2 protein chains.
Amino acid sequence: MVEKPKWDMTSDIHKYPKPSVTVDIVIFTVQNDELRVLLVKRKADLKKGEWALPGGFIRLDESLEESAKRILEQKTGVKDVYLEQLYTFGDPFRDSRGRVITVAYFALIDSEKMKIKPTEEVADAQWFSVYNYPPLAFDHKKVLDYSLTRLRSKLEYTTVGFQLLPQKFTLTELQKLYEVILAKTLDKRNFRKKIASLNLVEQTKETKMEGVHRPARLYKFKSKKFLLESDVV
Amino acid sequence: MVEKPKWDMTSDIHKYPKPSVTVDIVIFTVQNDELRVLLVKRKADLKKGEWALPGGFIRLDESLEESAKRILEQKTGVKDVYLEQLYTFGDPFRDSRGRVITVAYFALIDSEKMKIKPTEEVADAQWFSVYNYPPLAFDHKKVLDYSLTRLRSKLEYTTVGFQLLPQKFTLTELQKLYEVILAKTLDKRNFRKKIASLNLVEQTKETKMEGVHRPARLYKFKSKKFLLESDVV
DNA sequence: TACCATAGTGTAAAAAAAACAAGAAGAAGT
DNA sequence: ACTTCTTCTTGTTTTTTTTACACTATGGTA
(Lines give C-alpha, C1' and ligand atoms only; values in the text may rest on other atoms or scores of the structure.)
Protein backbone atom coordinates (compact mmCIF):
# COMPACT_ATOMS: atom_id res chain seq x y z
CA MET A 1 0.00 0.00 0.00
CA VAL A 2 1.43 3.29 -1.10
CA GLU A 3 1.30 6.17 1.31
CA LYS A 4 -0.74 8.99 -0.23
CA PRO A 5 1.22 12.13 -0.96
CA LYS A 6 0.19 15.10 1.14
CA TRP A 7 0.29 18.84 0.86
CA ASP A 8 2.33 21.51 2.56
CA MET A 9 -0.17 22.57 5.16
CA THR A 10 2.12 25.30 6.46
CA SER A 11 1.81 27.31 3.29
CA ASP A 12 0.36 30.78 3.30
CA ILE A 13 -2.41 29.72 0.99
CA HIS A 14 -4.22 28.19 3.92
CA LYS A 15 -4.77 31.66 5.32
CA TYR A 16 -7.27 32.45 2.60
CA PRO A 17 -10.84 31.53 3.49
CA LYS A 18 -12.06 28.38 1.78
CA PRO A 19 -15.47 27.66 0.38
CA SER A 20 -17.20 24.31 0.37
CA VAL A 21 -17.13 22.63 -3.01
CA THR A 22 -19.70 20.21 -4.31
CA VAL A 23 -20.34 18.40 -7.54
CA ASP A 24 -23.87 18.29 -8.93
CA ILE A 25 -24.81 16.10 -11.83
CA VAL A 26 -27.52 16.53 -14.37
CA ILE A 27 -28.23 12.99 -15.48
CA PHE A 28 -30.23 12.70 -18.66
CA THR A 29 -31.84 9.73 -20.25
CA VAL A 30 -34.47 9.21 -22.88
CA GLN A 31 -37.34 6.95 -21.90
CA ASN A 32 -40.73 6.57 -23.53
CA ASP A 33 -39.89 9.20 -26.08
CA GLU A 34 -39.23 11.72 -23.36
CA LEU A 35 -36.07 13.42 -22.23
CA ARG A 36 -35.78 12.83 -18.52
CA VAL A 37 -33.57 13.98 -15.73
CA LEU A 38 -32.79 12.26 -12.46
CA LEU A 39 -33.72 14.13 -9.30
CA VAL A 40 -33.34 13.13 -5.68
CA LYS A 41 -35.34 14.03 -2.63
CA ARG A 42 -33.07 15.71 -0.13
CA LYS A 43 -32.34 14.04 3.20
CA ALA A 44 -29.88 16.61 4.50
CA ASP A 45 -30.78 19.11 7.15
CA LEU A 46 -31.40 22.00 4.84
CA LYS A 47 -34.23 21.84 2.33
CA LYS A 48 -35.13 18.35 3.48
CA GLY A 49 -37.78 16.81 1.28
CA GLU A 50 -37.16 19.17 -1.58
CA TRP A 51 -36.07 17.83 -4.93
CA ALA A 52 -32.59 18.56 -6.15
CA LEU A 53 -29.94 17.40 -8.56
CA PRO A 54 -27.87 14.51 -7.24
CA GLY A 55 -24.67 15.84 -5.82
CA GLY A 56 -22.23 15.76 -2.99
CA PHE A 57 -19.15 17.24 -1.46
CA ILE A 58 -15.85 16.56 -3.09
CA ARG A 59 -13.13 14.70 -1.28
CA LEU A 60 -9.76 16.36 -1.18
CA ASP A 61 -7.91 13.42 -2.64
CA GLU A 62 -10.03 12.83 -5.71
CA SER A 63 -10.27 14.85 -8.89
CA LEU A 64 -13.47 16.63 -9.80
CA GLU A 65 -14.28 14.02 -12.38
CA GLU A 66 -13.64 11.24 -9.90
CA SER A 67 -16.00 12.96 -7.49
CA ALA A 68 -18.61 13.16 -10.19
CA LYS A 69 -18.19 9.48 -11.04
CA ARG A 70 -18.40 8.48 -7.41
CA ILE A 71 -21.57 10.45 -6.85
CA LEU A 72 -23.04 9.19 -10.06
CA GLU A 73 -22.45 5.63 -9.05
CA GLN A 74 -23.82 6.19 -5.56
CA LYS A 75 -26.99 7.72 -6.89
CA THR A 76 -27.65 5.57 -9.93
CA GLY A 77 -25.60 2.44 -9.50
CA VAL A 78 -24.09 2.86 -12.95
CA LYS A 79 -20.55 3.38 -14.13
CA ASP A 80 -18.98 4.08 -17.47
CA VAL A 81 -21.41 6.66 -18.69
CA TYR A 82 -20.75 9.78 -20.66
CA LEU A 83 -19.79 12.55 -18.29
CA GLU A 84 -18.83 16.10 -19.11
CA GLN A 85 -18.10 19.14 -17.02
CA LEU A 86 -20.72 21.77 -17.59
CA TYR A 87 -20.14 24.93 -15.61
CA THR A 88 -19.22 26.07 -12.14
CA PHE A 89 -21.81 27.96 -10.17
CA GLY A 90 -20.65 30.04 -7.27
CA ASP A 91 -23.00 32.80 -6.26
CA PRO A 92 -22.14 33.67 -2.67
CA PHE A 93 -25.60 33.02 -1.30
CA ARG A 94 -26.83 30.16 -3.38
CA ASP A 95 -26.72 28.06 -0.22
CA SER A 96 -27.63 29.62 3.12
CA ARG A 97 -25.46 27.22 5.07
CA GLY A 98 -22.23 28.59 3.75
CA ARG A 99 -20.30 29.58 0.67
CA VAL A 100 -20.78 26.58 -1.54
CA ILE A 101 -19.38 26.42 -5.02
CA THR A 102 -20.68 23.65 -7.20
CA VAL A 103 -19.08 22.19 -10.25
CA ALA A 104 -21.90 20.94 -12.43
CA TYR A 105 -21.52 17.94 -14.70
CA PHE A 106 -23.88 16.42 -17.13
CA ALA A 107 -24.20 12.73 -17.74
CA LEU A 108 -25.95 10.74 -20.42
CA ILE A 109 -27.22 7.27 -19.66
CA ASP A 110 -28.71 4.97 -22.23
CA SER A 111 -32.12 3.54 -21.60
CA GLU A 112 -30.78 0.02 -21.06
CA LYS A 113 -28.37 0.91 -18.27
CA MET A 114 -30.99 3.14 -16.77
CA LYS A 115 -33.17 0.20 -15.91
CA ILE A 116 -30.72 -1.05 -13.32
CA LYS A 117 -32.48 -1.73 -10.06
CA PRO A 118 -32.25 1.05 -7.52
CA THR A 119 -30.15 0.43 -4.44
CA GLU A 120 -31.13 1.83 -1.09
CA GLU A 121 -29.16 4.98 -1.75
CA VAL A 122 -31.23 5.45 -4.85
CA ALA A 123 -34.59 4.79 -3.24
CA ASP A 124 -35.60 8.40 -3.31
CA ALA A 125 -34.31 9.15 -6.78
CA GLN A 126 -36.79 9.58 -9.57
CA TRP A 127 -36.84 10.38 -13.26
CA PHE A 128 -38.73 13.46 -14.39
CA SER A 129 -39.51 14.86 -17.78
CA VAL A 130 -37.42 17.94 -18.43
CA TYR A 131 -40.66 19.69 -19.24
CA ASN A 132 -42.36 18.78 -16.03
CA TYR A 133 -40.45 18.51 -12.84
CA PRO A 134 -41.01 19.72 -9.30
CA PRO A 135 -39.50 22.92 -7.90
CA LEU A 136 -35.81 22.46 -7.25
CA ALA A 137 -33.66 23.43 -4.30
CA PHE A 138 -30.86 25.99 -4.53
CA ASP A 139 -30.13 27.26 -8.03
CA HIS A 140 -30.62 23.84 -9.51
CA LYS A 141 -33.22 25.02 -11.98
CA LYS A 142 -30.62 27.31 -13.46
CA VAL A 143 -28.18 24.42 -13.65
CA LEU A 144 -30.74 22.22 -15.33
CA ASP A 145 -31.75 24.91 -17.82
CA TYR A 146 -28.18 25.49 -18.71
CA SER A 147 -27.39 21.84 -19.19
CA LEU A 148 -30.41 21.38 -21.41
CA THR A 149 -29.25 24.20 -23.64
CA ARG A 150 -25.81 22.67 -23.75
CA LEU A 151 -27.10 19.21 -24.52
CA ARG A 152 -29.17 20.49 -27.42
CA SER A 153 -26.32 22.51 -28.74
CA LYS A 154 -23.85 19.66 -28.56
CA LEU A 155 -26.30 17.30 -30.16
CA GLU A 156 -26.06 19.37 -33.31
CA TYR A 157 -22.34 19.33 -33.76
CA THR A 158 -21.10 16.29 -31.88
CA THR A 159 -22.13 12.71 -31.42
CA VAL A 160 -23.00 12.86 -27.73
CA GLY A 161 -26.51 11.77 -28.55
CA PHE A 162 -25.29 8.30 -29.34
CA GLN A 163 -24.52 7.88 -25.66
CA LEU A 164 -28.20 7.71 -24.95
CA LEU A 165 -28.81 4.61 -27.04
CA PRO A 166 -27.98 0.98 -26.33
CA GLN A 167 -25.29 -0.73 -28.39
CA LYS A 168 -27.70 -1.80 -31.07
CA PHE A 169 -30.46 0.45 -32.25
CA THR A 170 -32.60 1.18 -35.24
CA LEU A 171 -32.28 4.35 -37.27
CA THR A 172 -35.80 5.26 -36.31
CA GLU A 173 -34.82 5.07 -32.66
CA LEU A 174 -31.84 7.28 -33.33
CA GLN A 175 -33.99 9.79 -35.13
CA LYS A 176 -36.61 9.74 -32.42
CA LEU A 177 -33.88 10.48 -29.90
CA TYR A 178 -32.85 13.59 -31.78
CA GLU A 179 -36.44 14.66 -32.17
CA VAL A 180 -37.16 14.25 -28.49
CA ILE A 181 -34.15 16.22 -27.35
CA LEU A 182 -34.39 18.97 -29.92
CA ALA A 183 -38.14 19.09 -29.59
CA LYS A 184 -38.71 19.20 -33.32
CA THR A 185 -39.42 16.73 -36.07
CA LEU A 186 -36.83 15.75 -38.64
CA ASP A 187 -37.19 14.46 -42.16
CA LYS A 188 -36.57 10.75 -42.26
CA ARG A 189 -34.70 10.63 -45.56
CA ASN A 190 -32.51 13.61 -44.82
CA PHE A 191 -31.73 12.32 -41.37
CA ARG A 192 -30.62 8.96 -42.71
CA LYS A 193 -28.58 10.58 -45.41
CA LYS A 194 -26.82 12.66 -42.76
CA ILE A 195 -26.10 9.70 -40.52
CA ALA A 196 -24.79 7.72 -43.45
CA SER A 197 -22.48 10.54 -44.46
CA LEU A 198 -20.99 10.73 -40.97
CA ASN A 199 -19.81 7.19 -41.42
CA LEU A 200 -20.12 6.41 -37.73
CA VAL A 201 -22.59 3.58 -37.70
CA GLU A 202 -22.76 0.25 -39.46
CA GLN A 203 -25.46 -2.28 -40.08
CA THR A 204 -25.65 -5.46 -38.10
CA LYS A 205 -27.30 -8.56 -39.45
CA GLU A 206 -30.04 -8.34 -36.88
CA THR A 207 -33.42 -6.73 -37.10
CA LYS A 208 -35.88 -5.60 -34.51
CA MET A 209 -39.63 -6.15 -34.56
CA GLU A 210 -41.45 -3.40 -32.80
CA GLY A 211 -45.06 -4.03 -33.81
CA VAL A 212 -47.14 -5.62 -36.49
CA HIS A 213 -45.18 -4.34 -39.42
CA ARG A 214 -41.91 -4.56 -41.22
CA PRO A 215 -39.00 -5.05 -38.80
CA ALA A 216 -36.18 -2.53 -38.70
CA ARG A 217 -32.51 -3.12 -39.26
CA LEU A 218 -30.33 -2.81 -36.18
CA TYR A 219 -27.20 -0.66 -36.34
CA LYS A 220 -24.22 -0.23 -34.08
CA PHE A 221 -21.53 2.40 -33.64
CA LYS A 222 -18.33 1.69 -35.48
CA SER A 223 -16.06 2.69 -32.61
CA LYS A 224 -16.58 3.86 -29.08
CA LYS A 225 -13.45 5.97 -29.12
CA PHE A 226 -14.55 7.78 -32.20
CA LEU A 227 -17.54 9.12 -30.43
CA LEU A 228 -15.66 11.54 -28.27
CA GLU A 229 -13.32 12.90 -30.86
CA SER A 230 -15.46 15.83 -31.83
CA ASP A 231 -16.43 16.66 -28.28
CA VAL A 232 -13.61 19.03 -27.56
CA VAL A 233 -14.77 22.45 -26.40
CA MET B 1 -24.41 50.74 5.40
CA VAL B 2 -26.19 47.45 5.11
CA GLU B 3 -24.96 44.57 7.21
CA LYS B 4 -23.86 41.74 4.95
CA PRO B 5 -25.92 38.57 5.24
CA LYS B 6 -23.99 35.68 6.69
CA TRP B 7 -24.18 31.94 6.59
CA ASP B 8 -25.17 29.31 9.05
CA MET B 9 -21.77 28.33 10.28
CA THR B 10 -23.17 25.64 12.55
CA SER B 11 -24.35 23.56 9.62
CA ASP B 12 -23.02 20.07 9.06
CA ILE B 13 -21.64 21.06 5.72
CA HIS B 14 -18.70 22.66 7.45
CA LYS B 15 -17.53 19.25 8.54
CA TYR B 16 -16.56 18.35 5.00
CA PRO B 17 -12.97 19.25 4.18
CA LYS B 18 -12.70 22.36 2.02
CA PRO B 19 -10.29 23.02 -0.82
CA SER B 20 -8.76 26.37 -1.68
CA VAL B 21 -10.39 27.95 -4.69
CA THR B 22 -8.70 30.32 -7.08
CA VAL B 23 -9.60 32.04 -10.30
CA ASP B 24 -7.10 32.09 -13.14
CA ILE B 25 -7.58 34.20 -16.22
CA VAL B 26 -6.33 33.68 -19.71
CA ILE B 27 -6.20 37.17 -21.10
CA PHE B 28 -5.89 37.37 -24.86
CA THR B 29 -5.17 40.28 -27.09
CA VAL B 30 -4.04 40.71 -30.65
CA GLN B 31 -1.05 42.94 -31.16
CA ASN B 32 1.22 43.23 -34.17
CA ASP B 33 -0.70 40.55 -35.98
CA GLU B 34 -0.02 38.14 -33.19
CA LEU B 35 -2.32 36.49 -30.69
CA ARG B 36 -0.88 37.19 -27.28
CA VAL B 37 -1.57 36.13 -23.74
CA LEU B 38 -0.77 37.94 -20.52
CA LEU B 39 1.49 36.14 -18.09
CA VAL B 40 2.80 37.24 -14.71
CA LYS B 41 5.97 36.41 -12.88
CA ARG B 42 5.10 34.82 -9.58
CA LYS B 43 5.98 36.55 -6.34
CA ALA B 44 4.38 34.05 -3.98
CA ASP B 45 6.39 31.60 -1.98
CA LEU B 46 5.87 28.66 -4.25
CA LYS B 47 7.24 28.73 -7.77
CA LYS B 48 8.58 32.24 -7.24
CA GLY B 49 9.90 33.71 -10.44
CA GLU B 50 8.07 31.27 -12.66
CA TRP B 51 5.57 32.54 -15.18
CA ALA B 52 1.92 31.82 -14.65
CA LEU B 53 -1.53 32.95 -15.60
CA PRO B 54 -2.78 35.88 -13.56
CA GLY B 55 -4.98 34.61 -10.80
CA GLY B 56 -5.85 34.77 -7.17
CA PHE B 57 -7.91 33.35 -4.37
CA ILE B 58 -11.61 34.02 -4.34
CA ARG B 59 -13.23 35.96 -1.55
CA LEU B 60 -16.16 34.31 0.11
CA ASP B 61 -18.50 37.24 -0.41
CA GLU B 62 -18.00 37.74 -4.12
CA SER B 63 -19.22 35.64 -7.01
CA LEU B 64 -16.77 33.81 -9.23
CA GLU B 65 -17.24 36.35 -11.97
CA GLU B 66 -16.68 39.19 -9.53
CA SER B 67 -13.49 37.52 -8.43
CA ALA B 68 -12.39 37.23 -12.01
CA LYS B 69 -13.15 40.89 -12.67
CA ARG B 70 -11.33 41.98 -9.57
CA ILE B 71 -8.24 39.99 -10.44
CA LEU B 72 -8.40 41.16 -14.01
CA GLU B 73 -8.45 44.76 -12.93
CA GLN B 74 -5.65 44.27 -10.44
CA LYS B 75 -3.43 42.69 -13.04
CA THR B 76 -4.22 44.75 -16.09
CA GLY B 77 -5.87 47.90 -14.88
CA VAL B 78 -8.78 47.41 -17.25
CA LYS B 79 -12.47 46.90 -16.65
CA ASP B 80 -15.39 46.13 -18.90
CA VAL B 81 -13.76 43.51 -21.00
CA TYR B 82 -15.25 40.35 -22.37
CA LEU B 83 -15.02 37.63 -19.77
CA GLU B 84 -16.23 34.08 -19.96
CA GLN B 85 -15.92 31.09 -17.70
CA LEU B 86 -13.82 28.42 -19.32
CA TYR B 87 -13.44 25.33 -17.23
CA THR B 88 -12.68 24.27 -13.70
CA PHE B 89 -9.46 22.42 -13.07
CA GLY B 90 -9.15 20.41 -9.90
CA ASP B 91 -6.58 17.67 -9.99
CA PRO B 92 -5.71 16.89 -6.38
CA PHE B 93 -2.02 17.56 -6.76
CA ARG B 94 -1.89 20.37 -9.25
CA ASP B 95 -0.56 22.54 -6.42
CA SER B 96 1.78 21.06 -3.84
CA ARG B 97 0.73 23.53 -1.17
CA GLY B 98 -2.75 22.14 -0.84
CA ARG B 99 -5.85 21.09 -2.67
CA VAL B 100 -6.45 24.02 -4.94
CA ILE B 101 -9.29 24.10 -7.42
CA THR B 102 -9.13 26.80 -10.01
CA VAL B 103 -11.95 28.20 -12.04
CA ALA B 104 -10.43 29.37 -15.29
CA TYR B 105 -11.83 32.32 -17.22
CA PHE B 106 -10.82 33.76 -20.49
CA ALA B 107 -10.83 37.43 -21.29
CA LEU B 108 -10.49 39.34 -24.52
CA ILE B 109 -9.01 42.80 -24.51
CA ASP B 110 -8.86 45.04 -27.53
CA SER B 111 -5.55 46.41 -28.59
CA GLU B 112 -6.46 49.98 -27.59
CA LYS B 113 -7.33 49.18 -23.99
CA MET B 114 -4.32 46.97 -23.82
CA LYS B 115 -2.00 49.90 -24.12
CA ILE B 116 -2.98 51.21 -20.73
CA LYS B 117 0.08 52.02 -18.67
CA PRO B 118 1.05 49.33 -16.20
CA THR B 119 0.54 50.04 -12.50
CA GLU B 120 2.94 48.69 -9.94
CA GLU B 121 0.85 45.57 -9.55
CA VAL B 122 1.27 44.99 -13.23
CA ALA B 123 4.97 45.66 -13.34
CA ASP B 124 5.87 42.03 -13.77
CA ALA B 125 3.14 41.18 -16.25
CA GLN B 126 4.08 40.65 -19.85
CA TRP B 127 2.44 39.75 -23.14
CA PHE B 128 3.62 36.63 -24.91
CA SER B 129 2.79 35.13 -28.26
CA VAL B 130 0.63 32.06 -27.80
CA TYR B 131 3.14 30.25 -29.98
CA ASN B 132 6.11 31.24 -27.93
CA TYR B 133 5.87 31.62 -24.19
CA PRO B 134 8.00 30.50 -21.25
CA PRO B 135 7.30 27.35 -19.24
CA LEU B 136 4.31 27.88 -16.99
CA ALA B 137 3.73 26.99 -13.35
CA PHE B 138 1.16 24.44 -12.21
CA ASP B 139 -1.10 23.10 -14.95
CA HIS B 140 -1.33 26.48 -16.60
CA LYS B 141 -0.15 25.20 -19.93
CA LYS B 142 -3.13 22.91 -19.99
CA VAL B 143 -5.41 25.80 -19.15
CA LEU B 144 -3.90 27.93 -21.87
CA ASP B 145 -4.13 25.18 -24.46
CA TYR B 146 -7.72 24.60 -23.63
CA SER B 147 -8.66 28.25 -23.79
CA LEU B 148 -6.98 28.61 -27.14
CA THR B 149 -9.02 25.75 -28.51
CA ARG B 150 -12.14 27.31 -27.10
CA LEU B 151 -11.35 30.75 -28.46
CA ARG B 152 -10.84 29.36 -31.95
CA SER B 153 -13.97 27.35 -31.76
CA LYS B 154 -16.10 30.24 -30.56
CA LEU B 155 -14.64 32.52 -33.16
CA GLU B 156 -16.29 30.37 -35.80
CA TYR B 157 -19.82 30.46 -34.50
CA THR B 158 -20.04 33.57 -32.35
CA THR B 159 -18.90 37.14 -32.53
CA VAL B 160 -16.46 37.07 -29.63
CA GLY B 161 -13.70 38.08 -31.98
CA PHE B 162 -15.14 41.56 -32.23
CA GLN B 163 -14.15 42.07 -28.61
CA LEU B 164 -10.55 42.23 -29.66
CA LEU B 165 -10.95 45.26 -31.87
CA PRO B 166 -11.37 48.91 -30.96
CA GLN B 167 -14.70 50.62 -31.62
CA LYS B 168 -13.77 51.58 -35.13
CA PHE B 169 -11.87 49.26 -37.38
CA THR B 170 -11.35 48.43 -41.01
CA LEU B 171 -12.56 45.21 -42.58
CA THR B 172 -9.00 44.29 -43.32
CA GLU B 173 -8.20 44.58 -39.62
CA LEU B 174 -11.15 42.39 -38.79
CA GLN B 175 -10.09 39.80 -41.30
CA LYS B 176 -6.50 39.88 -40.10
CA LEU B 177 -7.78 39.25 -36.58
CA TYR B 178 -9.56 36.11 -37.70
CA GLU B 179 -6.56 34.97 -39.66
CA VAL B 180 -4.22 35.48 -36.75
CA ILE B 181 -6.37 33.57 -34.29
CA LEU B 182 -7.35 30.76 -36.61
CA ALA B 183 -3.86 30.61 -38.05
CA LYS B 184 -5.07 30.38 -41.60
CA THR B 185 -5.72 32.76 -44.47
CA LEU B 186 -9.20 33.70 -45.57
CA ASP B 187 -10.52 34.87 -48.89
CA LYS B 188 -11.09 38.60 -48.78
CA ARG B 189 -14.27 38.69 -50.85
CA ASN B 190 -15.89 35.76 -49.13
CA PHE B 191 -14.97 37.12 -45.74
CA ARG B 192 -16.57 40.46 -46.49
CA LYS B 193 -19.66 38.80 -47.89
CA LYS B 194 -19.97 36.84 -44.68
CA ILE B 195 -19.56 39.85 -42.45
CA ALA B 196 -22.08 41.78 -44.49
CA SER B 197 -24.61 38.97 -44.24
CA LEU B 198 -24.31 38.93 -40.46
CA ASN B 199 -25.56 42.45 -40.42
CA LEU B 200 -23.58 43.33 -37.32
CA VAL B 201 -21.36 46.13 -38.52
CA GLU B 202 -22.01 49.40 -40.27
CA GLN B 203 -19.91 51.89 -42.15
CA THR B 204 -18.82 55.11 -40.56
CA LYS B 205 -17.97 58.15 -42.62
CA GLU B 206 -14.35 57.96 -41.58
CA THR B 207 -11.47 56.27 -43.29
CA LYS B 208 -8.10 55.18 -42.11
CA MET B 209 -4.82 55.69 -43.90
CA GLU B 210 -2.32 53.02 -43.08
CA GLY B 211 0.39 53.57 -45.69
CA VAL B 212 0.97 55.05 -49.07
CA HIS B 213 -2.12 53.66 -50.70
CA ARG B 214 -5.86 53.85 -50.79
CA PRO B 215 -7.32 54.45 -47.31
CA ALA B 216 -9.76 51.95 -45.84
CA ARG B 217 -13.29 52.62 -44.66
CA LEU B 218 -13.78 52.42 -40.90
CA TYR B 219 -16.65 50.33 -39.56
CA LYS B 220 -18.26 50.01 -36.16
CA PHE B 221 -20.45 47.42 -34.45
CA LYS B 222 -24.14 48.12 -34.62
CA SER B 223 -24.80 47.21 -31.00
CA LYS B 224 -22.70 46.05 -28.10
CA LYS B 225 -25.52 44.00 -26.66
CA PHE B 226 -25.96 42.14 -29.88
CA LEU B 227 -22.48 40.79 -29.61
CA LEU B 228 -23.23 38.45 -26.78
CA GLU B 229 -26.47 37.05 -28.06
CA SER B 230 -25.00 34.07 -29.76
CA ASP B 231 -22.60 33.31 -26.97
CA VAL B 232 -24.86 31.00 -25.06
CA VAL B 233 -23.44 27.55 -24.37
C1' DT C 1 -53.96 -13.43 -49.95
C1' DA C 2 -55.38 -8.95 -48.64
C1' DC C 3 -54.48 -5.57 -45.13
C1' DC C 4 -51.93 -2.89 -41.89
C1' DA C 5 -48.19 -0.17 -40.19
C1' DT C 6 -43.73 1.16 -40.28
C1' DA C 7 -39.12 0.47 -42.89
C1' DG C 8 -36.56 1.97 -46.43
C1' DT C 9 -35.09 4.69 -50.44
C1' DG C 10 -33.79 8.96 -54.60
C1' DT C 11 -34.18 13.24 -56.98
C1' DA C 12 -34.78 18.04 -57.73
C1' DA C 13 -34.62 22.77 -55.90
C1' DA C 14 -32.64 26.08 -52.87
C1' DA C 15 -29.20 27.86 -50.04
C1' DA C 16 -24.58 28.28 -48.48
C1' DA C 17 -19.73 28.04 -49.20
C1' DA C 18 -15.71 28.25 -52.04
C1' DA C 19 -12.96 29.66 -55.95
C1' DC C 20 -11.39 33.26 -58.49
C1' DA C 21 -9.54 38.69 -60.90
C1' DA C 22 -9.92 43.40 -62.14
C1' DG C 23 -10.81 48.33 -61.46
C1' DA C 24 -10.62 52.26 -57.73
C1' DA C 25 -8.37 55.40 -54.63
C1' DG C 26 -5.04 58.18 -52.50
C1' DA C 27 0.02 59.51 -51.90
C1' DA C 28 4.48 60.16 -53.62
C1' DG C 29 7.77 60.90 -57.02
C1' DT C 30 8.79 62.69 -61.58
C1' DA D 1 -0.40 66.43 -64.52
C1' DC D 2 0.66 62.02 -65.01
C1' DT D 3 2.88 57.67 -63.75
C1' DT D 4 3.69 54.41 -60.08
C1' DC D 5 2.90 52.00 -56.01
C1' DT D 6 0.11 49.53 -52.78
C1' DT D 7 -3.88 48.24 -50.73
C1' DC D 8 -9.11 48.82 -50.97
C1' DT D 9 -13.18 47.36 -52.91
C1' DT D 10 -16.41 44.66 -55.42
C1' DG D 11 -19.37 40.25 -58.41
C1' DT D 12 -19.92 35.96 -60.84
C1' DT D 13 -19.45 31.05 -61.39
C1' DT D 14 -18.90 26.54 -59.47
C1' DT D 15 -19.28 23.34 -55.91
C1' DT D 16 -21.14 21.64 -51.82
C1' DT D 17 -24.61 21.29 -48.47
C1' DT D 18 -29.25 21.47 -47.04
C1' DT D 19 -34.02 21.15 -47.68
C1' DA D 20 -38.36 19.55 -49.62
C1' DC D 21 -40.99 15.92 -50.99
C1' DA D 22 -43.73 10.51 -52.01
C1' DC D 23 -43.73 5.94 -53.21
C1' DT D 24 -42.36 0.89 -52.74
C1' DA D 25 -40.89 -3.00 -49.48
C1' DT D 26 -41.62 -6.17 -45.82
C1' DG D 27 -43.32 -9.12 -42.24
C1' DG D 28 -47.23 -10.29 -39.33
C1' DT D 29 -51.98 -10.86 -38.68
C1' DA D 30 -56.72 -11.61 -39.92
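These numbers were taken from a predicted model, which means no experiment stands behind them. Protein chains get the first letters and strands the later ones, always in sequence-line order, with residue 1 at the start of each.
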More than 12 non-hydrogen atoms from neighbouring residues, nucleotides or ligands closer than 6.0 Å to CD on A/E210, yes or no? no
Should the heavy atoms of other residues, nucleotides or ligands under 6.0 Å from CG of B/D187 be counted, would the total exceed 12? yes
Each nucleotide of nucleotides 20-30 of chain D classed B (base within 4.0 Å of a protein heavy atom), S (only sugar-phosphate) or -, in 5' to 3' order, makes BBB--BBBSS-
Without decimals, in angstroms, what is the distance between [X] [atom1] and [N] [atom2]?
X: A/F191; N: D/dT18; atom1: CZ; atom2: P; result: 14 Å
X: A/D33; N: C/dT6; atom1: CG; atom2: P; result: 12 Å
X: B/R217; N: C/dG26; atom1: CZ; atom2: C1'; result: 13 Å
X: B/K208; N: C/dG26; atom1: NZ; atom2: C1'; result: 17 Å
X: B/E156; N: C/dA17; atom1: CD; atom2: C1'; result: 13 Å
X: A/L174; N: C/dG8; atom1: CG; atom2: P; result: 12 Å
X: A/R192; N: C/dT9; atom1: CZ; atom2: P; result: 7 Å
X: B/Q175; N: D/dT10; atom1: CD; atom2: C1'; result: 14 Å

Answer yes when [X] and [Y] have at least one side-chain N-carboxylate O distance shorter than 4.0 Å, and no when they do not.
X: B/E66; Y: B/R70; result: no
X: A/K168; Y: A/E206; result: yes
X: A/E73; Y: A/K69; result: no

Let's see if you get this right: which residues in residues 177-185 of chain A place a heavy atom under 4.0 Å from DNA chain D?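 None, since no heavy atom is under 4.0 Å.
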Estimated bend of the helix from C/dT1-D/dA30 to C/dT30-D/dA1 (axis per five terminal pairs, rounded to 10 degrees):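 Comparing the axis at each end, I get an angle of 10°.
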Looking only at side chains, do [X] and [Y] share a donor and an acceptor under 3.5 Å apart?
X: B/E62; Y: B/S67; value: yes
X: B/R192; Y: B/T172; value: yes
X: B/D91; Y: A/S63; value: no

Please state whether the rings of [X] and [Y] are parallel, tilted or perpendicular, taking 30° and 60° as the class boundaries.
X: A/F106; Y: A/F28; answer: perpendicular
X: A/F162; Y: A/F169; answer: tilted
X: A/Y146; Y: A/F89; answer: perpendicular

Answer with base, sugar-phosphate or nothing: what part of the nucleic acid does B/T172 contact at a heavy-atom distance below 4.0 Å?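 Answer is sugar-phosphate: B/T172 comes under 4.0 Å of backbone atoms only.
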Closest-nucleotide 5' rank along DNA chain C - winner of B/K194 and A/Q203: A/Q203
